[in-house]
There are 2 protein chains.
Amino acid sequence: MKSYFIHESIGVMIAQTYRKLNQLLFLRLKEYEITPEQWSVLYRLSQKDGINQREIAIRTSKDQPTTKRILDCLQKKNLIEKKMSPSDRRAFLIYLTDKGKHLAQQLLPIEQKIMAEISVGMDQAEINQFKNKLLLISENINTLIND
Amino acid sequence: MKSYFIHESIGVMIAQTYRKLNQLLFLRLKEYEITPEQWSVLYRLSQKDGINQREIAIRTSKDQPTTKRILDCLQKKNLIEKKMSPSDRRAFLIYLTDKGKHLAQQLLPIEQKIMAEISVGMDQAEINQFKNKLLLISENINTLIND
DNA sequence: CACTTAATATTGTTATGACAAGTAAATAGG
DNA sequence: CCTATTTACTTGTCATAACAATATTAAGTG
(Lines give C-alpha, C1' and ligand atoms only; values in the text may rest on other atoms or scores of the structure.)
Protein backbone atom coordinates (compact mmCIF):
# COMPACT_ATOMS: atom_id res chain seq x y z
CA MET A 1 0.00 0.00 0.00
CA LYS A 2 1.63 3.23 1.09
CA SER A 3 4.57 3.16 3.42
CA TYR A 4 3.61 6.47 4.97
CA PHE A 5 0.14 5.42 6.03
CA ILE A 6 1.30 4.10 9.38
CA HIS A 7 2.87 7.47 10.16
CA GLU A 8 -0.44 9.26 9.87
CA SER A 9 -2.46 10.31 12.89
CA ILE A 10 -5.04 7.88 14.21
CA GLY A 11 -7.72 10.21 12.89
CA VAL A 12 -6.43 10.13 9.33
CA MET A 13 -6.03 6.36 9.46
CA ILE A 14 -9.58 5.83 10.73
CA ALA A 15 -11.00 8.13 8.06
CA GLN A 16 -9.11 6.52 5.20
CA THR A 17 -9.93 3.00 6.38
CA TYR A 18 -13.59 3.94 6.66
CA ARG A 19 -13.66 5.31 3.13
CA LYS A 20 -11.94 2.25 1.69
CA LEU A 21 -14.32 -0.06 3.53
CA ASN A 22 -17.27 1.88 2.23
CA GLN A 23 -15.94 1.53 -1.29
CA LEU A 24 -15.57 -2.23 -0.88
CA LEU A 25 -19.07 -2.60 0.52
CA PHE A 26 -20.42 -0.44 -2.28
CA LEU A 27 -18.79 -2.70 -4.86
CA ARG A 28 -20.07 -5.90 -3.30
CA LEU A 29 -23.60 -4.59 -2.74
CA LYS A 30 -23.96 -2.91 -6.12
CA GLU A 31 -25.57 -5.93 -7.78
CA TYR A 32 -28.27 -5.88 -5.09
CA GLU A 33 -28.97 -2.21 -5.80
CA ILE A 34 -28.40 -1.13 -2.24
CA THR A 35 -25.75 1.13 -0.70
CA PRO A 36 -23.72 0.35 2.42
CA GLU A 37 -25.67 2.80 4.57
CA GLN A 38 -29.01 1.59 3.26
CA TRP A 39 -27.87 -1.91 4.11
CA SER A 40 -26.93 -0.87 7.64
CA VAL A 41 -30.45 0.43 8.20
CA LEU A 42 -32.04 -2.61 6.57
CA TYR A 43 -29.91 -4.81 8.80
CA ARG A 44 -31.12 -3.04 11.94
CA LEU A 45 -34.68 -3.46 10.85
CA SER A 46 -34.09 -7.16 10.23
CA GLN A 47 -33.09 -7.42 13.88
CA LYS A 48 -36.17 -5.53 15.03
CA ASP A 49 -38.75 -3.63 13.02
CA GLY A 50 -41.95 -1.88 13.98
CA ILE A 51 -39.95 0.96 15.54
CA ASN A 52 -40.08 4.64 14.70
CA GLN A 53 -37.52 6.72 12.82
CA ARG A 54 -36.03 8.19 15.96
CA GLU A 55 -35.31 4.69 17.30
CA ILE A 56 -33.65 3.73 14.02
CA ALA A 57 -31.57 6.90 14.10
CA ILE A 58 -30.32 6.04 17.60
CA ARG A 59 -29.55 2.45 16.72
CA THR A 60 -27.62 3.40 13.58
CA SER A 61 -25.89 6.44 15.15
CA LYS A 62 -27.27 8.76 12.50
CA ASP A 63 -29.30 11.89 12.96
CA GLN A 64 -32.97 11.96 12.13
CA PRO A 65 -32.82 13.79 8.79
CA THR A 66 -30.17 11.38 7.49
CA THR A 67 -32.19 8.42 8.71
CA LYS A 68 -35.34 9.78 7.11
CA ARG A 69 -33.65 10.13 3.72
CA ILE A 70 -32.20 6.64 3.82
CA LEU A 71 -35.63 5.28 4.75
CA ASP A 72 -37.10 7.19 1.81
CA CYS A 73 -34.68 5.36 -0.50
CA LEU A 74 -35.57 2.00 1.04
CA GLN A 75 -39.25 2.78 0.69
CA LYS A 76 -38.85 3.73 -2.96
CA LYS A 77 -37.32 0.28 -3.50
CA ASN A 78 -40.24 -1.37 -1.68
CA LEU A 79 -37.92 -2.79 0.98
CA ILE A 80 -39.73 -1.14 3.90
CA GLU A 81 -43.11 0.36 4.61
CA LYS A 82 -44.19 3.12 6.97
CA LYS A 83 -47.31 2.64 9.05
CA MET A 84 -48.84 5.35 11.18
CA SER A 85 -48.21 4.75 14.84
CA PRO A 86 -51.47 4.00 16.64
CA SER A 87 -50.23 5.66 19.83
CA ASP A 88 -48.48 8.74 18.42
CA ARG A 89 -49.83 10.63 15.47
CA ARG A 90 -46.44 12.26 14.84
CA ALA A 91 -44.63 8.99 14.39
CA PHE A 92 -44.42 6.21 11.84
CA LEU A 93 -43.57 2.64 12.58
CA ILE A 94 -41.19 1.16 10.05
CA TYR A 95 -41.62 -2.43 8.87
CA LEU A 96 -39.67 -4.56 6.44
CA THR A 97 -41.65 -5.76 3.44
CA ASP A 98 -41.31 -9.36 2.32
CA LYS A 99 -38.88 -8.14 -0.30
CA GLY A 100 -36.90 -6.36 2.42
CA LYS A 101 -36.83 -9.43 4.65
CA HIS A 102 -35.68 -11.57 1.78
CA LEU A 103 -32.90 -9.16 0.82
CA ALA A 104 -31.70 -8.91 4.42
CA GLN A 105 -31.42 -12.69 4.63
CA GLN A 106 -29.50 -12.67 1.38
CA LEU A 107 -27.06 -9.94 2.39
CA LEU A 108 -26.28 -11.05 5.93
CA PRO A 109 -23.81 -13.78 4.91
CA ILE A 110 -22.21 -11.41 2.40
CA GLU A 111 -21.55 -8.84 5.12
CA GLN A 112 -20.14 -11.52 7.41
CA LYS A 113 -17.87 -12.77 4.65
CA ILE A 114 -16.55 -9.26 4.01
CA MET A 115 -15.84 -8.72 7.70
CA ALA A 116 -13.91 -11.99 7.80
CA GLU A 117 -11.97 -11.00 4.69
CA ILE A 118 -10.90 -7.62 6.03
CA SER A 119 -9.80 -9.27 9.28
CA VAL A 120 -7.43 -11.73 7.61
CA GLY A 121 -4.21 -11.85 9.60
CA MET A 122 -5.89 -11.30 12.96
CA ASP A 123 -7.07 -14.04 15.28
CA GLN A 124 -10.22 -13.68 17.36
CA ALA A 125 -8.32 -12.32 20.36
CA GLU A 126 -6.69 -9.63 18.24
CA ILE A 127 -10.01 -8.72 16.69
CA ASN A 128 -11.57 -8.33 20.12
CA GLN A 129 -8.62 -6.27 21.29
CA PHE A 130 -8.97 -4.03 18.23
CA LYS A 131 -12.69 -3.62 18.80
CA ASN A 132 -12.07 -2.71 22.42
CA LYS A 133 -9.68 0.02 21.35
CA LEU A 134 -12.24 1.34 18.88
CA LEU A 135 -14.80 1.33 21.67
CA LEU A 136 -12.42 3.23 23.96
CA ILE A 137 -11.78 5.85 21.29
CA SER A 138 -15.51 6.18 20.63
CA GLU A 139 -16.20 6.69 24.30
CA ASN A 140 -13.42 9.25 24.56
CA ILE A 141 -14.91 11.15 21.63
CA ASN A 142 -18.39 11.02 23.15
CA THR A 143 -17.05 12.51 26.35
CA LEU A 144 -15.32 15.27 24.41
CA ILE A 145 -18.41 16.09 22.33
CA ASN A 146 -20.76 16.22 25.30
CA ASP A 147 -18.76 18.82 27.21
CA MET B 1 -22.16 5.07 25.76
CA LYS B 2 -24.05 2.12 24.32
CA SER B 3 -23.49 -1.33 25.68
CA TYR B 4 -24.26 -2.94 22.34
CA PHE B 5 -21.58 -1.08 20.40
CA ILE B 6 -18.93 -3.68 21.12
CA HIS B 7 -21.17 -6.37 19.66
CA GLU B 8 -21.27 -4.65 16.29
CA SER B 9 -19.20 -5.77 13.34
CA ILE B 10 -15.81 -4.16 12.87
CA GLY B 11 -17.23 -2.34 9.87
CA VAL B 12 -20.04 -0.73 11.82
CA MET B 13 -17.66 0.24 14.62
CA ILE B 14 -15.18 1.85 12.23
CA ALA B 15 -17.95 3.77 10.48
CA GLN B 16 -19.51 5.06 13.69
CA THR B 17 -16.16 6.00 15.18
CA TYR B 18 -15.25 7.86 12.01
CA ARG B 19 -18.47 9.83 12.05
CA LYS B 20 -18.09 10.75 15.72
CA LEU B 21 -14.50 11.84 15.17
CA ASN B 22 -15.56 13.97 12.25
CA GLN B 23 -18.19 15.59 14.42
CA LEU B 24 -15.64 16.38 17.11
CA LEU B 25 -13.18 17.85 14.61
CA PHE B 26 -15.98 19.88 13.05
CA LEU B 27 -16.86 21.33 16.45
CA ARG B 28 -13.28 22.22 17.32
CA LEU B 29 -12.48 23.68 13.90
CA LYS B 30 -15.72 25.63 13.53
CA GLU B 31 -14.31 28.84 14.99
CA TYR B 32 -11.56 28.77 12.36
CA GLU B 33 -14.16 28.43 9.60
CA ILE B 34 -12.64 25.28 8.18
CA THR B 35 -14.00 21.74 7.96
CA PRO B 36 -12.11 18.57 8.93
CA GLU B 37 -11.55 17.54 5.32
CA GLN B 38 -10.45 21.02 4.29
CA TRP B 39 -8.02 20.91 7.19
CA SER B 40 -6.65 17.56 6.05
CA VAL B 41 -5.85 19.05 2.65
CA LEU B 42 -4.41 22.23 4.15
CA TYR B 43 -2.25 20.10 6.41
CA ARG B 44 -0.85 18.13 3.46
CA LEU B 45 -0.04 21.34 1.68
CA SER B 46 1.72 22.67 4.77
CA GLN B 47 4.00 19.63 4.53
CA LYS B 48 4.64 20.22 0.84
CA ASP B 49 2.98 22.60 -1.57
CA GLY B 50 3.64 23.45 -5.20
CA ILE B 51 2.16 20.12 -6.26
CA ASN B 52 -0.75 19.50 -8.60
CA GLN B 53 -4.27 18.40 -7.75
CA ARG B 54 -3.63 14.81 -8.71
CA GLU B 55 -0.73 14.62 -6.24
CA ILE B 56 -2.91 16.07 -3.50
CA ALA B 57 -5.64 13.57 -4.31
CA ILE B 58 -3.19 10.70 -3.92
CA ARG B 59 -1.72 12.02 -0.68
CA THR B 60 -5.13 12.56 0.90
CA SER B 61 -6.65 9.33 -0.49
CA LYS B 62 -9.46 11.22 -2.17
CA ASP B 63 -10.46 11.14 -5.79
CA GLN B 64 -9.79 14.09 -8.05
CA PRO B 65 -13.29 15.59 -8.17
CA THR B 66 -13.52 15.58 -4.38
CA THR B 67 -10.05 17.09 -4.09
CA LYS B 68 -10.91 19.74 -6.65
CA ARG B 69 -14.01 20.83 -4.74
CA ILE B 70 -12.19 21.00 -1.43
CA LEU B 71 -9.46 23.09 -3.07
CA ASP B 72 -12.15 25.38 -4.48
CA CYS B 73 -13.39 25.98 -0.93
CA LEU B 74 -9.87 26.68 0.31
CA GLN B 75 -9.29 29.06 -2.58
CA LYS B 76 -12.52 30.92 -1.86
CA LYS B 77 -11.21 31.48 1.67
CA ASN B 78 -7.87 32.72 0.32
CA LEU B 79 -5.99 29.90 2.02
CA ILE B 80 -4.43 28.55 -1.19
CA GLU B 81 -3.73 29.76 -4.69
CA LYS B 82 -3.55 27.93 -7.99
CA LYS B 83 -0.72 28.74 -10.37
CA MET B 84 -0.49 27.40 -13.88
CA SER B 85 2.15 24.72 -14.16
CA PRO B 86 5.01 25.94 -16.38
CA SER B 87 5.63 22.42 -17.66
CA ASP B 88 2.06 21.19 -18.15
CA ARG B 89 -0.68 23.44 -19.40
CA ARG B 90 -3.35 21.06 -18.12
CA ALA B 91 -2.16 21.24 -14.54
CA PHE B 92 -2.16 23.75 -11.72
CA LEU B 93 0.35 23.92 -8.93
CA ILE B 94 -1.24 24.57 -5.57
CA TYR B 95 0.44 26.89 -3.07
CA LEU B 96 -0.52 27.98 0.43
CA THR B 97 -1.08 31.69 0.82
CA ASP B 98 0.38 33.47 3.85
CA LYS B 99 -3.06 33.23 5.40
CA GLY B 100 -3.07 29.50 4.70
CA LYS B 101 0.39 28.99 6.18
CA HIS B 102 -0.59 30.92 9.28
CA LEU B 103 -3.78 28.91 9.76
CA ALA B 104 -1.94 25.61 9.31
CA GLN B 105 0.54 26.60 12.03
CA GLN B 106 -2.36 27.52 14.26
CA LEU B 107 -4.32 24.31 13.71
CA LEU B 108 -1.49 21.79 13.94
CA PRO B 109 -1.31 21.81 17.76
CA ILE B 110 -5.10 21.65 17.95
CA GLU B 111 -5.16 18.51 15.85
CA GLN B 112 -2.41 16.95 17.94
CA LYS B 113 -4.28 17.77 21.12
CA ILE B 114 -7.45 16.14 19.81
CA MET B 115 -5.56 12.99 18.80
CA ALA B 116 -4.08 12.80 22.30
CA GLU B 117 -7.51 13.31 23.85
CA ILE B 118 -9.18 10.54 21.87
CA SER B 119 -6.33 8.18 22.79
CA VAL B 120 -6.72 8.63 26.54
CA GLY B 121 -6.48 5.24 28.19
CA MET B 122 -3.97 3.83 25.71
CA ASP B 123 -0.22 3.97 26.10
CA GLN B 124 2.07 4.46 23.15
CA ALA B 125 2.54 0.72 22.62
CA GLU B 126 -1.21 0.19 22.50
CA ILE B 127 -1.64 3.09 20.10
CA ASN B 128 0.98 1.62 17.79
CA GLN B 129 -0.65 -1.77 18.02
CA PHE B 130 -4.00 -0.24 17.16
CA LYS B 131 -2.53 1.62 14.21
CA ASN B 132 -0.93 -1.57 12.95
CA LYS B 133 -4.28 -3.31 13.01
CA LEU B 134 -5.85 -0.42 11.10
CA LEU B 135 -3.05 -0.68 8.58
CA LEU B 136 -3.60 -4.41 8.22
CA ILE B 137 -7.33 -3.92 7.63
CA SER B 138 -6.62 -1.17 5.10
CA GLU B 139 -4.23 -3.41 3.22
CA ASN B 140 -6.73 -6.26 3.27
CA ILE B 141 -9.38 -3.96 1.84
CA ASN B 142 -7.03 -2.71 -0.86
CA THR B 143 -6.33 -6.27 -1.91
CA LEU B 144 -10.06 -7.00 -2.06
CA ILE B 145 -10.87 -3.89 -4.08
CA ASN B 146 -8.12 -4.44 -6.63
CA ASP B 147 -9.26 -7.92 -7.62
C1' DC C 1 -58.17 22.86 31.12
C1' DA C 2 -54.68 26.34 29.20
C1' DC C 3 -50.08 27.19 28.26
C1' DT C 4 -45.42 26.13 27.89
C1' DT C 5 -42.10 22.81 26.64
C1' DA C 6 -40.51 18.69 24.44
C1' DA C 7 -40.60 15.23 20.87
C1' DT C 8 -41.26 13.44 15.92
C1' DA C 9 -40.79 14.08 11.44
C1' DT C 10 -39.77 17.05 7.64
C1' DT C 11 -37.32 20.37 4.58
C1' DG C 12 -33.35 23.35 3.45
C1' DT C 13 -28.49 24.07 3.08
C1' DT C 14 -23.58 22.99 2.83
C1' DA C 15 -19.88 19.69 2.49
C1' DT C 16 -18.11 15.27 1.35
C1' DG C 17 -17.59 11.03 -1.53
C1' DA C 18 -17.66 8.16 -5.50
C1' DC C 19 -18.60 7.27 -10.14
C1' DA C 20 -19.37 8.69 -15.05
C1' DA C 21 -18.59 11.61 -18.69
C1' DG C 22 -16.50 15.43 -20.97
C1' DT C 23 -12.55 18.87 -22.35
C1' DA C 24 -8.01 19.98 -23.27
C1' DA C 25 -3.29 18.90 -23.37
C1' DA C 26 0.60 15.63 -23.17
C1' DT C 27 2.57 11.31 -24.59
C1' DA C 28 3.16 7.03 -27.28
C1' DG C 29 3.39 4.36 -31.52
C1' DG C 30 3.64 3.94 -36.09
C1' DC D 1 4.61 14.10 -37.75
C1' DC D 2 0.06 12.34 -37.32
C1' DT D 3 -3.09 9.61 -34.86
C1' DA D 4 -4.43 7.04 -30.72
C1' DT D 5 -4.13 6.77 -26.01
C1' DT D 6 -3.35 8.59 -21.60
C1' DT D 7 -3.42 12.22 -18.25
C1' DA D 8 -5.18 16.46 -15.57
C1' DC D 9 -8.84 18.68 -14.63
C1' DT D 10 -13.75 19.72 -14.68
C1' DT D 11 -18.77 19.04 -14.36
C1' DG D 12 -22.88 16.31 -13.34
C1' DT D 13 -25.40 13.22 -10.48
C1' DC D 14 -26.68 10.60 -6.50
C1' DA D 15 -26.01 9.31 -1.71
C1' DT D 16 -24.52 10.45 2.87
C1' DA D 17 -23.83 13.53 6.95
C1' DA D 18 -24.71 17.17 10.05
C1' DC D 19 -26.72 21.40 11.33
C1' DA D 20 -30.72 24.69 11.38
C1' DA D 21 -35.41 25.67 11.21
C1' DT D 22 -40.30 24.44 10.85
C1' DA D 23 -44.93 22.05 11.53
C1' DT D 24 -47.55 19.00 14.05
C1' DT D 25 -48.46 16.46 18.08
C1' DA D 26 -47.51 14.94 22.83
C1' DA D 27 -46.35 15.76 27.48
C1' DG D 28 -45.58 18.52 31.52
C1' DT D 29 -47.10 22.26 34.64
C1' DG D 30 -49.80 25.50 36.76
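These numbers come from a predicted model, not from an experiment. Labels below follow one simple rule: chain letters A, B, ... track the order of the sequence lines, proteins then strands, and each chain is numbered from 1. Hydrogens, waters and symmetry mates are skipped; everything else that's a heavy atom, side chains included, is used.
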(message) Could you see if B:Tyr43 belongs to whatever hydrophobic cluster contains B:Ile70? Use Ile, Leu, Val, Met, Phe, Trp, Tyr and a side-chain cutoff under 4.5 Å.
(response) yes
(request) Treat each ILVMFWY residue as a node, draw an edge where side-chain heavy atoms are under 4.5 Å apart, and state whether B:Phe26 and B:Leu24 are in one component. (result) no
(message) Of the options D:dC19, D:dA8, C:dT16, whose atoms approach the side-chain atoms of B:Gln38 most closely?
(response) C:dT16
(message) Let me spell it out: for each of B:Thr66 and A:Leu93, pick the nucleotide of DNA chain C with the closest heavy atom. Which residue's pick is nearer the 5' end?
(response) A:Leu93
(request) Would you mind telling me which of D:dT10, C:dA25, D:dA26 lies closest to the side-chain atoms of A:Asp88? (result) D:dA26
(request) Looking only at side-chain atoms of A:Glu37, point me to the closest of C:dT10, C:dT16, D:dA17. (result) D:dA17
(message) With a 6.0 Å cut-off (strictly less than), is the heavy-atom count around CD of B:Glu33, excluding the residue itself, greater than 12?
(response) no
(message) By nearest heavy atom, map B:Phe26 and A:Cys73 onto DNA chain D; which one lands nearer the 5' end?
(response) A:Cys73
(request) Would you indicate, yes or no, if D:dA18 has its OP1 or OP2 atom less than 4.0 angstrom from a side-chain nitrogen or oxygen of A:Gln64? (result) no
(message) Can you measure B:Arg90 atom CZ to D:dT10 atom P for me and round it to whole angstrom units?
(response) 12 Å
(message) Under 4.0 Å between a side-chain nitrogen and a carboxylate oxygen: does that hold for B:Lys133 and B:Glu126?
(response) no
(request) Could you say whether B:Tyr18 or A:Ala91 is positioned toward the 5' end of DNA chain C, judged by the nucleotide with the nearest heavy atom to each? (result) A:Ala91
(request) Look at the side-chain N and O atoms of A:Lys62 and state whether any lies under 4.0 Å from the OP1 or OP2 oxygen of D:dA18. (result) no
(request) Name the closest nucleotide to the B:Pro65 side chain, picking from D:dT16, D:dT11, C:dA9. (result) D:dT11
(message) Without decimals, in angstroms, what is the distance between B:Asp63 CG and D:dT7 P?
(response) 16 Å
(request) Measure from CZ on B:Phe92 to P on C:dA24 and round the result to the nearest Å. (result) 13 Å
(request) Let me know, please, whether B:Arg69 or A:Thr35 comes out on the 5' side of the other along DNA chain D by nearest nucleotide. (result) B:Arg69
